[in-house]
Amino acid sequence: MLLEALYHVPRDKWAYAYNPTTIHLRVRTKRDDIEQVFAMTGDKYDWQRTYQELAMEKAAHDAMFDYWEIAVKPKYKRLSYAFKLVAGSETVYMQDSGIGHEPPTPPGELYEFPYIHEIDVFKVPEWAKEAVFYQIMPERFANGDPSNDPKPTEPWGGTPKIDNLFGGDLQGVLDHLDDLVDLGINAIYFTPLFTSPSNHKYDTVDYKNVDPHFGDNALLKRLVAACHDKGIRVVLDAVFNHCSEQFPPFQDVLKHGQDSKYIDWFHINEFPVSIKNGIPTYDTFGFFGNMPKFNTANPEVKEYLLGVAEYWIKEINLDGWRLDVANEIDHHFWRDFRKVVKAANPDAYIIGEVWSDSLNWLLGDQFDSVMNYPFADKVLTFFNGGMDGYSFSNEMGSLIMRYPQQTNEVIFNMLCSHDTPRLLTSVGHDKRKLKLCVVFLFTYMGTPCIFYGDEVGISGNGDPDCRKCMVWDPHKQDRELYDFYKLMIALRKKHAALRQGRFRFLHADIHDPCIIYERLDDKVHFTIWMNNTGKKRTLSHPMDTNDWYDALTGERVMPDKGIMNISLDPFGYRILCRMLN
């Protein structure tokens, strides 16, 4: 038993309140080193009568470690605990005072969760667990009102460039809401809508007005109301890390230099404000001189931006914010942001743009979720043949163990976005691989998001090529692919097990790119079988019951002497299901 691999701390993702009555405990051990782990639990004020020894489940693994987990419901909302780890004839005990071979002496040597205060429980919006998001760049979605087109506006469907415009607007979105309803969408994430000189609008000039090329505030309010009438939630993009160089306070700094009253709104490193050898003398997003960075620690800046966040929540009944470049803004700002937004709308969904491990923002005091780019990277690598099933299960296990369960249930999963190549392009235009990726997206934990047009076969490399105009001519759309997306969305929306149920790999072997995994709750059990090879394969796994059926066709599927054998075409998949009660 490798004692050095054992790890637990009584906080963060290792010991946390999942709800007002339940505490989740996790412990880490060396991969394939420990046979059993038990949580030794009780109330420190009455240990003898409340003591329970509970078997923990191996919930996930990565290349080096196993992760064990259990949900505990303490009778009095207090919990003292230790871990008993068994490997063959060896037993060790892990507790707050250290690791040893002698059982703990309660309560002084134990870990402690002092009390479940409901106010401290990290609550995420329940609706986000049910959501299927659709990301829209308004400039490229549909031109519903030619009268507000910028000049020059190029013909719809032309080649996207960094700075060209095609006239997409909010009226275009309003005109196509029924198409989204038909697809099964029940949430929209809009890239920025506010006044800006660019086509992408990530350089804001006026935070309280819709860009006139998109419409006006009244139209946005009408669009959101129409979305709500159709059961669609709306999330907007908050660009609070930086603004446009045309933003009036920054223009004042350019004009008045050190005499400007807005100097402390930004990070000015040298006067005169300029760009030297391609590097601005002020902090920016990247090194883009047209995007000066806000000093969000400045009280005036904070008041202004938090006022913007609150304004749109109240003005249009907004359902949430996606936060651009969120990891480059101070944590104090985001803590105050959450308080303001949740006071205005307790069900608001807050999604941060952080491309790496985001636990610091996901402890209940800042974001509800983050854009899960690591998910996309690992899924695309696997289904493009870049790793075997064993390695993929390790990578996904590592992701699952990054965050508390309530975050995993609403983590914002996507396979591409406005910042990455299109999904079809990423899989080498192989629709079979694309479908495997999409099946995984819709049968995995978290909140799935589709980038507009992926469902009809739009392709494209990185920015700006990924930001093509939406294709509306049915004869130019891939309608078979559209029907596939529609089928997968409907399946997910029909079954809570695919939204909040347990996830576990059943078959994920080294040197084998095929996988089997399960999702289940107390009503339905799914198994998903994937042949990630260019050859026909038969996958086998023990099945104890004969009540399985194909979740997409309804066909009965029977095991043979307790073994389920599923024949799959190259890059094929099958989703089996059985009712538990």
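Position 1 is the first residue of the sequence; numbering continues from there.
Using a distance-only test at 3.5 Å, with no hydrogens or angles considered, no donor-acceptor pair links the side chain of Arg322 to the main chain of Thr191. Here the side chain of Lys378 pairs no donor or acceptor atom with the backbone of Phe392 at under 3.5 angstrom.
The structure places OG1 of Thr21 at 9.5 Å from CD of Glu118, a figure rounded to the nearest 0.5 Å.
Between Trp548 and His525, the gap from one ring centroid to the other is short of 6.0 Å. Ring centers of Phe503 and Phe505: under 6.0 Å apart, within the cut-off.
Between Ile188 and Leu180, the shortest heavy-atom contact is CD1-CD1, 3.7 Å. Nearest heavy atoms, Asn360 versus Gln366: O-NE2, 3.1 Å. Across every non-hydrogen atom of Leu359 and Asp357, the tightest pair is N-OD1, 3.1 Å. Of all heavy-atom pairs between Phe382 and Met387, the closest is CD1-O, 3.4 Å. Between Cys577 and Ala551, the shortest heavy-atom contact is CB-CB, 4.0 Å. Among all heavy-atom pairs drawn from Met488 and Ile575, the shortest one is CE-CD1, 3.9 Å.
Within 6.0 Å of the NE2 atom in His101, the count of heavy atoms belonging to other residues, nucleotides or ligands exceeds 12. Counting heavy-atom neighbours within 6.0 Å of Tyr51 OH, excluding the residue itself, gives a total above 12.
A donor atom on one side chain and an acceptor atom on the other are found under 3.5 Å apart for Ser391 and Asp388. No hydrogens or angles considered: nothing links the side chains of Glu109 and Tyr93 as a donor-acceptor pair under 3.5 Å.
Counting heavy atoms from C-beta outward, Tyr189 and Asp237 have side chains that approach closer than 4.5 Å.
Phe133 and Phe412 have perpendicular rings, their planes meeting at more than 60° on a 0 to 90° scale where under 30° would count as parallel. Between Trp361 and Phe367, the ring planes lie parallel to each other; the angle is under 30°, not in the 30° to 60° tilted range. The aromatic rings of Trp321 and Phe240 lie tilted to each other, with the angle between the two planes from 30° to 60°. In this pair, Tyr18 and His24 present their aromatic rings parallel. The plane angle is below 30°, not in the 30 to 60° band. Ring geometry, Tyr444 versus Phe375: the interplanar angle falls under 30°, so the pair is classed parallel (tilted spans 30 to 60°).
Remark: Arg49 engages Asp46 in a side chain to side chain contact (heavy atoms under 4.5 Å, CB included) (not counting sequence neighbours).
Partner Glu69 forms a salt bridge (Lys or Arg N to Asp or Glu O under 4.0 Å) with one of Arg26, Arg502, Lys13 and no other, that one being Arg26.
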